[in-house]
Amino acid sequence: MSTKHTACAHVAGSDALARDLPVLGQDPSRTYRLGIMGGTFDPIHNGHLVAAEQACNDLGLDVVVFVPAGSPAFKQDRRVSTPEDRHAMTLLATADNPRFLVSRIEVDRPGVTYTVDTLELLRSHYPSNVELYFITGADAIIDIISWRDAARIAQLAHLVGATRPGYDLESARASIAASGIDFKVSYLEVPALAISSSDLRARVASGQSLRYLTSDAVLGYIEKRGLYEAPRPAYTAPDALGLIDGFGRDAL
């Protein structure tokens, strides 16, 4: 295949992956701010939602796109729920917030998921008046210098480190400073981040309730699908909305 044909195929592939992204950048006289909430979301919980909402309010984001990881790079050695289950739970959890959207760009992209690839795709998709804000936990900020192409990540997006009350930010700041990379970082204190996905999985496995830790819709989905060894109902729940097989992919 020629270089020209390869480039065309790359553009076409990127356009296909970007089909569920919000339309931004129409007005060249203003700046748009796009929040990207990346994560495994296994399962998504109220801490994720509160962090995204606070980022919207504190940083003036126009919209936050939740991006469930397809095949998380740092979780290749452990069991993770299927991308379709995690995508469906994220859709259910965010459905009632008009500023939250969910994208399949990592779920549908083959291979191991790397943040830099997602940010590159977003940067190529949007005009220059759309700024990217990558929202993650403050713990991840400490590790981000070891992520693939960390210096490129710093060029592509402003980082937003969501922290729980009492978290010592000095470790994160020291890690960024020692890297020698010019990261732009904002920190947000989010009380609900005392919740973690691993805690929720452990609670389900031990028969404890998740109510008020995640949305009722996600709780119902976990129970119906028997995720994390949850007791399953006596009947088999049909995939009535087509979520498990990628809702809306063939309808566009």
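Positions are given from 1, in the same order as the sequence printed here. Hydrogens, waters and symmetry mates are skipped; everything else that's a heavy atom, side chains included, is used.
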inquiry  = Looking at every non-hydrogen atom in both residues, tell me the closest pair between Leu21 and Ser103 and how far apart they are.
reply    = CD2-OG, 3.7 Å
inquiry  = Quiz question: by atom type and distance under 3.5 Å, do the side chains of Thr31 and Asn129 form a donor-acceptor pair?
reply    = no
request  = Please examine the side chains of Pro43 and Leu227, heavy atoms only from C-beta on, and report whether any two atoms are closer than 4.5 Å.
outcome  = no
Approximate separation, where rounding is to 0.5 Å, of Asn97 CG and Leu49 CG = 8.0 Å
ask   = How far does CD1 of Ile153 sit from OG1 of Thr118, to the nearest 0.5 angstrom?
value = 9.5 Å
request  = Consider only side-chain heavy atoms of I, L, V, M, F, W and Y, link residues closer than 4.5 Å, and tell whether Ile141 and Leu156 are in one cluster.
outcome  = yes
key: Side-chain heavy-atom pair His158, Leu59 within 4.5 angstrom cut-off   = no
message = For the residue pair Thr82 / Asp85, report whether a side-chain donor-acceptor contact shorter than 3.5 Å exists.
response = yes
task = Give a yes or no answer on whether the side chain of Arg86 reaches the backbone of Gly70 with a donor-acceptor pair at less than 3.5 Å.
result = yes
request  = Quick one: do Arg33 and Leu24 satisfy side chain to side chain contact (heavy atoms under 4.5 Å, CB included)? Show the steps, please.
outcome  = CA-CA 9 Å; Arg33 291 184 168 188; Leu24 296 172; over 6 Å; no
query = Any side-chain heavy atom of Asp20 sitting closer than 4.5 Å to one from Val65?
reply = no
query = Same cluster for Val107 and Leu121 if Ile/Leu/Val/Met/Phe/Trp/Tyr side chains link at under 4.5 Å?
reply = no
ask   = Would you call Ile145 and Phe183 a side-chain contact if the rule is heavy atoms closer than 4.5 Å?
value = yes
task = Would you confirm whether Ser175, through its side chain, and Ser171, through its main-chain N or O, come within 3.5 Å as a donor-acceptor pair?
result = no
task = Would you mind reporting whether Phe134 and Val160 have side-chain heavy atoms less than 4.5 Å apart?
result = no
key: Atom of Ala140, atom of Trp147 and distance for their closest heavy-atom approach   = CB-CZ2, 4.0 Å
query = Going hydrophobic residue to hydrophobic residue with side-chain gaps under 4.5 angstrom, can you get from Leu169 over to Ile181?
reply = yes
message = Show me the pairs that pass side-chain hydrogen bond (donor to acceptor under 3.5 Å, both in side chains) and involve residues 187-196, at least two apart or across chains.
response = Ser196-Ser198, Ser196-Asp199
key: Non-hydrogen atoms of Tyr126 and Pro22 that approach each other most closely   = OH-O, 2.6 Å
request  = Look at the rings of Phe41 and Phe66 and say which category their plane angle falls in: under 30° parallel, 30 to 60° tilted, over 60° perpendicular.
outcome  = tilted
message = Is it true that Arg201 and Tyr228 share a donor-acceptor pair across their side chains at a distance under 3.5 Å?
response = no
task = Nearest 0.5 Å please: distance from the CG atom of Leu200 over to the CD1 atom of Ile44.
result = 11.0 Å
query = Taking atom CD1 of Ile195 and atom CZ of Arg164, what is their separation to the nearest 0.5 Å?
reply = 12.5 Å
Candidates Leu188, Ile36, Val64 - the one meeting side chain to side chain contact (heavy atoms under 4.5 Å, CB included) with Ile135 = Val64
key: Straight-line distance of Asp216 CG to Leu210 CG, nearest 0.5 Å   = 10.5 Å
ask   = With distance as the sole criterion, is a donor-acceptor pair present between the side chains of Tyr167 and Asp139 under 3.5 Å?
value = yes
task = Taking Asn46 for its side chain and Tyr212 for its backbone only, find out whether a donor-acceptor pair lies under 3.5 Å.
result = yes
request  = Please determine if Asp42 and Arg78 form a salt bridge, counting it only when a charged side-chain N lies under 4.0 Å from a carboxylate O.
outcome  = no
request  = Using a strict 4.0 Å threshold on nitrogen-to-oxygen distance, state whether Glu131 and Arg123 make a salt bridge.
outcome  = no
key: Leu61 with Val190, same ILVMFWY side-chain cluster at under 4.5 Å   = yes
request  = For the pair Lys184 (side chain) and Ala157 (backbone), establish whether a donor and an acceptor sit closer than 3.5 Å, ignoring hydrogens and angles.
outcome  = no
inquiry  = Can you list everything that forms a side-chain hydrogen bond (donor to acceptor under 3.5 Å, both in side chains) with Arg79? Sequence neighbours excluded, please.
reply    = none
ask   = What heavy-atom pair brings Arg109 and Thr113 nearest, and what distance separates the two atoms?
value = NH2-CG2, 4.1 Å
key: Heavy-atom side-chain proximity of Phe100 to Met37 below 4.5 angstrom   = no
task = Decide whether Asp27 and Ser29 meet the rule of one side-chain donor and one side-chain acceptor closer than 3.5 Å.
result = yes
request  = Check Ile142 against Ala172 and note the closest heavy-atom contact, atom names and distance.
outcome  = CG1-CA, 3.6 Å
request  = Start with the C-alpha gap between Arg173 and Asp168, add the side-chain angles, then the distance that decides, and say whether salt bridge (charged side-chain N to carboxylate O under 4.0 Å, His left out) holds.
outcome  = CA-CA 10 Å; Arg173 292 193 175 107; Asp168 181 8; over 6 Å; no
ask   = Can you check whether Ile222 reaches Met89 side chain to side chain, under 4.5 Å on heavy atoms?
value = yes
key: Check against side-chain hydrogen bond (donor to acceptor under 3.5 Å, both in side chains), Arg225 and Ser81   = CA-CA 11 Å; Arg225 294 281 292 162; Ser81 298; over 6 Å; no
query = With distance as the sole criterion, is a donor-acceptor pair present between the side chains of Thr115 and Arg148 under 3.5 Å?
reply = no
task = Please round to the nearest 0.5 Å and tell me the distance separating atom CG of Asp62 and atom CG of Leu34.
result = 8.5 Å
note = Between Gly47 and His45 the two heavy atoms that sit nearest each other are N-ND1, 3.0 Å
message = Please determine whether salt bridge (charged side-chain N to carboxylate O under 4.0 Å, His left out) holds for the pair Arg19 and Asp108, giving the CA-CA distance in whole Å, both sets of side-chain angles, and the decisive distance to 0.1 Å.
response = CA-CA 11 Å; Arg19 66 189 178 278; Asp108 289 341; 3.2 Å; yes
